[in-house]
Amino acid sequence: MIRIHVGREAIDLTVEMMLAEGAAGTGAVATFTGLVRPDDGVATLELEHYPGATEAALRRVAEDAAARWSLGAATIVHRVGPMAPGERIVFVAASAPHRAAALEACAYLIDRLKTDAPFWKRETRDGEARWVEARDGDAAAAARWEA
Amino acid sequence: MIRIHVGREAIDLTVEMMLAEGAAGTGAVATFTGLVRPDDGVATLELEHYPGATEAALRRVAEDAAARWSLGAATIVHRVGPMAPGERIVFVAASAPHRAAALEACAYLIDRLKTDAPFWKRETRDGEARWVEARDGDAAAAARWEA
Amino acid sequence: MALDILYFAWVRERMGVAQERVEPAAEVTTVAMLVDWLAARDADSGEALADRARLRAAVDQAFVGMDASIVGAREVALFPPVTGG
Amino acid sequence: MALDILYFAWVRERMGVAQERVEPAAEVTTVAMLVDWLAARDADSGEALADRARLRAAVDQAFVGMDASIVGAREVALFPPVTGG
């Protein structure tokens, strides 16, 4: 089961975990949640995206993971619009019969998402907004999955 | 924050995620959940443990992870007693400022738990109970963290 | 042939529009040539698109390199490196 | 000196008890020697502890190898390889 969702509303982990755990054959679920760091001086974070292209890119990432690790479920939920410190930006989950596949696929989902999906972060600190710069480490993290 | 819990009651992910996400400086939370596989022919799974020694072993694993990856929070919650297919056996979480630390620490927590904590599984299939055998892969997975 | 251009993040802010429809000359056949063509129209566009090393593109919603063809494309997006997750 | 022995999983089932208090001779100084001493007491114990390759131990709640000392220990646990998680 592939689940892709991009929306302005808060991410509901209870629902997402229920879906991930409920996939056929699931003995292991690995998840990653990204949050607006509450102590980083950021007052608000705003996420912009490329509607249509975003969902297609996320679906490709999830389908690649599901095929590579024979997942029962691959979930990517990403929030857009303004959000406050402590709120969830992204949630990914991988469900598999055993843990190695779930853990690896989860890392793959978030690493690929960081480089392959058209989202842009703008943060406001001390009343000043600036676009977040891409990190070199993100490309390296995504590249390690190419083999 | 180190959170260790061993108990007979169902694992409440909402509470556990709230604790893991609420740790100081958290921008990333990686989790692993182990479930009784619902389609595996197992009617019930029973978990036995070594009271006292179990909690101490889990605390050591969590403290090692917290120190190694500078975690904001390390959680290990493990259920004991009888459980039904689809139910959660174990939940681990690692909270960190960035994702690489959270993902690696989460894998470490579950890999080390598999070899270092005194739990034993007994499953009932077709009315017959048998003790689950340890998997060779578990020792190998734990060994890869020794460096 | 009419082509929709979408701008995101600081590219959008610098361009002052999120989207425009253009009709570049027939010899404009790659993303790089399209960026040059857009930038050459006026000083503001030129400034907005000056930092070519930090520009990325998608043609018909697929991420591509700057040398990718735009022949027959309906939609080209220009934006900075992505920062989601 | 009195020593509490704890058994878990199939070791417990085969021994027929979860716990017992024993007083081994002073020359029984390691886990392996303790297992030999327990197994030598009667045929049932001998059978229950026969599969030495699949026995693991903890001394005073710390996992140890079979050659670990039990001198001064208060509690020794014997069990199969663990299978949690």
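Chain letters run A, B, ... following the sequence lines, proteins first, then strands; residues in each count from 1.
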Problem set entry | Max heavy-atom pair count under 4.5 Å with chain C, selected residue of A/K114, A/R135, A/H78 | A/K114
Seminar exercise, completed: Greatest number of non-hydrogen atom pairs under 4.5 angstrom with chain C, of A/P118, A/A139, A/G52, A/A57, falls to A/P118
Below 4.5 Å from any heavy atom of chain C, which atoms of [X] appear? Answer side chain, backbone, both or neither.
X	answer
A/E46	neither
A/A56	neither
A/D138	neither

Problem set entry | Any A/E16 side-chain heavy atom under 4.5 Å of A/T31 side chain | no
Exercise. Would you say A/L58 and A/V6 make side-chain contact, with heavy atoms under 4.5 Å?
Worked result: yes
For this session: Salt-bridge test for A/E123 and A/R125: reply yes if a basic N is under 4.0 Å from a carboxylate O, no otherwise.
Result: yes
Exercise. Hey, is A/R112 close enough to A/D64 for a salt bridge, meaning N to O under 4.0 Å?
Worked result: yes
For this session: Please state whether the rings of C/F79 and C/F63 are parallel, tilted or perpendicular, taking 30° and 60° as the class boundaries.
Result: tilted
For this session: Side chain from CB out, backbone as N, CA, C, O: work out which of these in C/F8 comes under 4.5 Å of a heavy atom of chain A, or both, or neither.
Result: both
Problem set entry | Part of C/R56 lying under 4.5 Å from any heavy atom of chain A | neither
For this session: Please round to the nearest 0.5 Å and tell me the distance separating atom CZ of C/R21 and atom CD1 of C/I5.
Result: 10.5 Å
